[in-house]
K.L.:
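Dropping a structure here in structure tokens format, bear with me for questions.
Remember, predicted model here, so these are calculated numbers, not experimental data. The chain is numbered in sequence order, starting from 1.
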Amino acid sequence: MASYALKPWEHPEPFGLEVLAMDQKGYRRGSFQSSTSDEDMLEIAGASLDFPMADDDPPLDREMGGFSSYNGGEMNGTSKMMDFLEEPLPGVGTYEDFNTIDWVREKSRDRDRHREITSRSKESTWALIHSVSDAFSGWLLMLFIGLLAGSLAGLIDISAHWMTDLKEGVCLAGFWFNHEHCCWKSNTTFTDRDKCPEWKSWSQLIIGHGEGAFAYILNYLMYVIWALLFSLLAVLLVKGFAPYACGSGIPEIKTILSGFIIRGYLGKWTLIIKTITLVLAVSSGLSLGKEGPLVHVACCCGNILCHLFTKYRKNEAKRREVLSAAAAAGVSVAFGAPIGGVLFSLEEVSYYFPLKTLWRSFFAALVAAFTLRSINPFGNSRLVLFYVEFHMPWHLLELVPFVLLGIFGGLWGAFFIRSNIAWCRRRKTTKLGKYPVLEVFVVTAITAILAFPNEYTRMSTSELISELFNDCGILDSSKLCEYVNDFNSTKGDDLPDRAAGPGVYTAMWQLALALIMKVFITIFTFGMKVPSGLFIPSMAVGAIAGRLLGVAMEQLAFYHHDWVIFSGWCSQGADCITPGLYAMVGAAACLGGVTRMTVSLVVIMFELTGGLEYIVPLMAAAMTSKWMADAIGREGIYDAHIRLNGYPFLEAKEEFSHKTLAMDVMRPRRNDPPLTVITQDSMTVEDVETIINETTYSGYPVVVSRESQRLVGFVLRRDLIISIENARKKQDGIVSTSIIYFTDHSPPLPPSFPSMLKLRSILDLSPFTVTDQTPMEIVVDIFRKLGLRQCLVTHNGKLLGIITKKDVLKHIAQLANQDPDSILFN
């Protein structure tokens, strides 16, 4: 180590202050240049200190004045000086489970890494190739995520379709065919296409015929048994192998994308078990969908594939950019809506979404949708089961029923959120939560017993939505299309509004019963210990309500076409009202009421239907449902579950409007013990280990001395533990009495002292600081926009306290009259 010569008027300070490290000339020069090493970042730290450098000089110890120069190596002997951590240790800079990442540090690291690669690329051809591959790695990763997510979605779709049909019968031509594929080669007529000889119901297989009361009871029993078998297998797999595979996954993904660490949530076991149990849960007939869990599956794919690339494996902030794109790919394959997927990730899930991530999300969603289309899981060359096309334009007066559907969607969304959160809270706080298998068994049994008698609840929810969206044609044999036909008035493919036949009236009351069942059973289903999405059940509720209203409007226009509201645009024999369009608008309204999505919801819905001319009805319904639901409760279902689970998620959409100051929130409070700090060069290894053992904090401020409380930097607990453990194992002479120092130069100590341990490289020299008089609205903004873990509070340049993300969340909860201790995690 080079000797540092003192000027005649300078004197070294015992247990050194950083006067020696910062002569004014060097400080001013360094503060205007970018630096890449921790040692060079000392100047940056000066910018966040609240005192002028000129007033920094502490009282100097005149007794040391006899030294003309000092050097730790010369004074204590070369072996005494442990210049540790020149190379970063494995584990240093990583985070423990249930902790928040430091976005600023992660982004700074990535910039340093990028700067180093760019500078080396000019040195050799190999370095240039490495630089190009590093730049291209993001796009390659998106390609892999799209391919894997699309393949898994296709597998889930095919498997779920087959297993859903297995509850009703089996194909003799090959047990692996579902009902539709089984009947493709059959010679039956179009109207009897579901009664092909190759497909046998369970009663036909067991007793030889499918008619009569006994056959009905047998089919009923087999339906319930298969449903219970699938759901029990799903909950046992989740409980035994991957507890994180339950639920939707979107609340946790939102929290992870905001910077929280939940180890294993996006791991390989979670991916495998979630994929298998999602098929089982959907096939069991429970009132849940696969769309939300598909986002979780896609994010698992993204997280696992990140390990192929060092850039993403070692940087938590970069990994979260990948997960944002993976979420877009998940929605893309769930709905066959690539653009809607990108917008969903931007509007609903992501916390940090730069322009680069937007492009990569678009590419990942494109690849995922292309892969799913290549697999063609539904055999209709479409990406979803309920793709429909409407031909008739809508009339301006129809905006009134569309807005009414929006109001219904908002009311149902608010009712569902309150009821579901109340039930989930009960599950958490009572013995109910200790028996997840029994809960799934009971809910599945009730669902199956109630669902079988009604054909609209017996079919899978996706098929139900497809049926409700359908615009009746001449060849449709569904009950919903049993109108009294007058073929003399038929013009081409368009059928005029007709009088409803007995089939339509039967379908109406069956749909009304299905609506009541879906409304209530979904409350108890969402949140159970099986994979459960909410998109499809919400859309089903809205689609049923919309179809009921659509048929009512259609019949009103048919019988009263001379009324003022119809006379201008709906003459007798014309095709005025499309009930399927009402079902689609209702589905959008209810989904918007539950999730509070707007832009992405409308785009997803028109990508589903292929009709751009219906954007205005969809926008009107989505906006109305959001306004109505927001008037009753501000939170969407995912935000409500985040709050229920106590995740440290700082909502960017909410305004902080209270007049509190940083000093009101910081710790320590009045009458609390003083803030735990580490001094820069006067504490031994034993002292630091005692602090670590006696406290549970994630990190500690480093100060010049306990008396001055002048801030030097911030060091993380995990980095300290790893560094000290490694030093004890690998460095000779490090004992409990060894001095730990965070300065550039070792403090002057007598030769008899043991070796010293230098830990400057793990010190954050530029921690964010605010003064005690800073308004909390500014502090909250800083935490939101910079993704901070903690912020130090100073007064006249002296360290007063610390504000962590958890403190901010507790303060917000307190001001909202909520329990501040509901923020469970560190």
Side-chain angles (χ1 to χ4, degrees), residues 151-212 214-231 233 276 278-286 290 336 372-388 448 451-470 473 475-481 536:
S151 303
L152 286 175
L155 177 68
I156 289 167
D157 284 336
I158 292 167
S159 307
H161 202 169
W162 170 65
M163 289 175 71
T164 301
D165 288 347
L166 194 63
K167 297 204 299 289
E168 295 182 30
V170 70
C171 184
L172 297 181
F175 73 92
W176 56 88
F177 289 122
N178 62 40
H179 193 165
E180 186 184 355
H181 291 173
C182 185
C183 296
W184 270 357
K185 294 179 182 177
S186 175
N187 293 323
T188 51
T189 60
F190 187 82
T191 50
D192 294 330
R193 63 190 183 280
D194 289 337
K195 297 174 183 173
C196 62
E198 290 86 353
W199 181 264
K200 297 289 183 186
S201 67
W202 290 109
S203 62
Q204 288 173 318
L205 275 175
I206 296 167
I207 60 173
H209 63 87
E211 305 298 326
F214 185 64
Y216 181 84
I217 291 166
L218 190 60
N219 283 330
Y220 200 153
L221 191 64
M222 289 302 294
Y223 182 91
V224 175
I225 289 169
W226 277 113
L228 289 171
L229 179 67
F230 291 155
S231 62
L233 192 54
I276 296 167
L278 179 55
V279 173
L280 291 165
V282 170
S283 306
S284 69
L286 285 165
K290 63 182 186 300
L372 186 63
R373 172 64 185 79
S374 304
I375 294 169
N376 194 14
F378 303 111
N380 60 358
S381 300
R382 303 292 185 190
L383 296 175
V384 282
L385 191 59
F386 40 85
Y387 185 95
V388 288
F452 187 83
N454 187 339
E455 66 175 282
Y456 292 112
T457 48
R458 190 191 316 161
M459 65 175 69
S460 76
T461 318
S462 292
E463 286 176 7
L464 171 62
I465 294 170
S466 179
E467 185 102 344
L468 294 167
F469 280 11
N470 188 34
L475 296 175
D476 277 313
S477 58
S478 162
K479 273 188 194 172
L480 281 169
C481 296
I536 289 294

K.L.:
Look at the SG atom of Cys182 and the SG atom of Cys196, then say if they are under 2.5 Å from each other.
P.N.:
no

K.L.:
Short question: side chain of Thr457, backbone of Ala451 - any donor-acceptor pair under 3.5 Å?
P.N.:
yes

K.L.:
I'd like to know if the side chain of Glu168 and the backbone of Asp165 have a donor-acceptor N/O pair within less than 3.5 Å.
P.N.:
no

K.L.:
For Pro377 versus His181, what's the shortest heavy-atom pair and its separation?
P.N.:
O-CE1, 4.3 Å

K.L.:
Determine the minimum heavy-atom distance between Leu286 and Ser231, stating which atoms define it.
P.N.:
CD1-CB, 4.3 Å

K.L.:
State, yes or no, whether a side-chain contact exists between Ile158 and His161 at a heavy-atom distance under 4.5 Å.
P.N.:
no

K.L.:
CG of Asn470 to CG of Leu480: how many Å apart, nearest 0.5 Å?
P.N.:
8.5 Å

K.L.:
Check the side chains of Ser201 and Ser203 for a donor-acceptor pair under 3.5 angstrom, ignoring hydrogens and angles.
P.N.:
yes

K.L.:
Atom CD1 of Ile375 and atom CG of Leu155: how far apart are they, to the nearest 0.5 Å?
P.N.:
8.0 Å

K.L.:
State, yes or no, whether a side-chain contact exists between Val224 and Leu228 at a heavy-atom distance under 4.5 Å.
P.N.:
yes

K.L.:
Measuring from atom CG of Asn219 to atom OH of Tyr216, what distance do you get when rounded to the nearest 0.5 angstrom?
P.N.:
9.5 Å

K.L.:
Search all heavy atoms of Tyr220 against all heavy atoms of Ala448 and return the closest pair with its distance.
P.N.:
CE2-O, 4.2 Å

K.L.:
Work out which heavy atom in Ala160 is nearest to a heavy atom in Val279; give both atom names and the distance.
P.N.:
N-CG1, 3.8 Å

K.L.:
Holding to side chain to side chain donor-acceptor pair (under 3.5 Å), I want the full list of residues that pass it with Lys167, two or more places apart in sequence or in another chain.
P.N.:
none

K.L.:
Tell me, please, which residues at least two apart from Tyr223 pass ring pair (Phe, Tyr, Trp, His ring centres under 6.0 Å).
P.N.:
Phe452

K.L.:
Working to the nearest 0.5 Å, report the span between OH of Tyr456 and CD of Glu463.
P.N.:
12.5 Å

K.L.:
Please identify each residue that fulfils ring pair (Phe, Tyr, Trp, His ring centres under 6.0 Å) with Trp202, with sequence neighbours left out.
P.N.:
Trp226

K.L.:
So, the side chain of Ser159 versus the backbone of Ile156: is there a donor-acceptor pair under 3.5 Å, distance only?
P.N.:
no

K.L.:
So, do Ile536 and Val282 sit near enough that their side-chain heavy atoms are less than 4.5 Å apart?
P.N.:
no

K.L.:
Taking all non-hydrogen atoms of both residues into account, name the closest pair between Ser284 and Ala227 and its distance.
P.N.:
O-CB, 3.2 Å

K.L.:
Hey, what do you get for CE (Met163) to OG (Ser460), rounding to the nearest 0.5 Å?
P.N.:
13.5 Å

K.L.:
Would you find a donor on one side and an acceptor on the other, under 3.5 Å apart, between the side chain of Trp162 and the backbone of Phe175?
P.N.:
yes

K.L.:
In Å and rounded to the nearest 0.5 Å, what is the CG to CD distance from Leu172 to Glu198?
P.N.:
8.0 Å

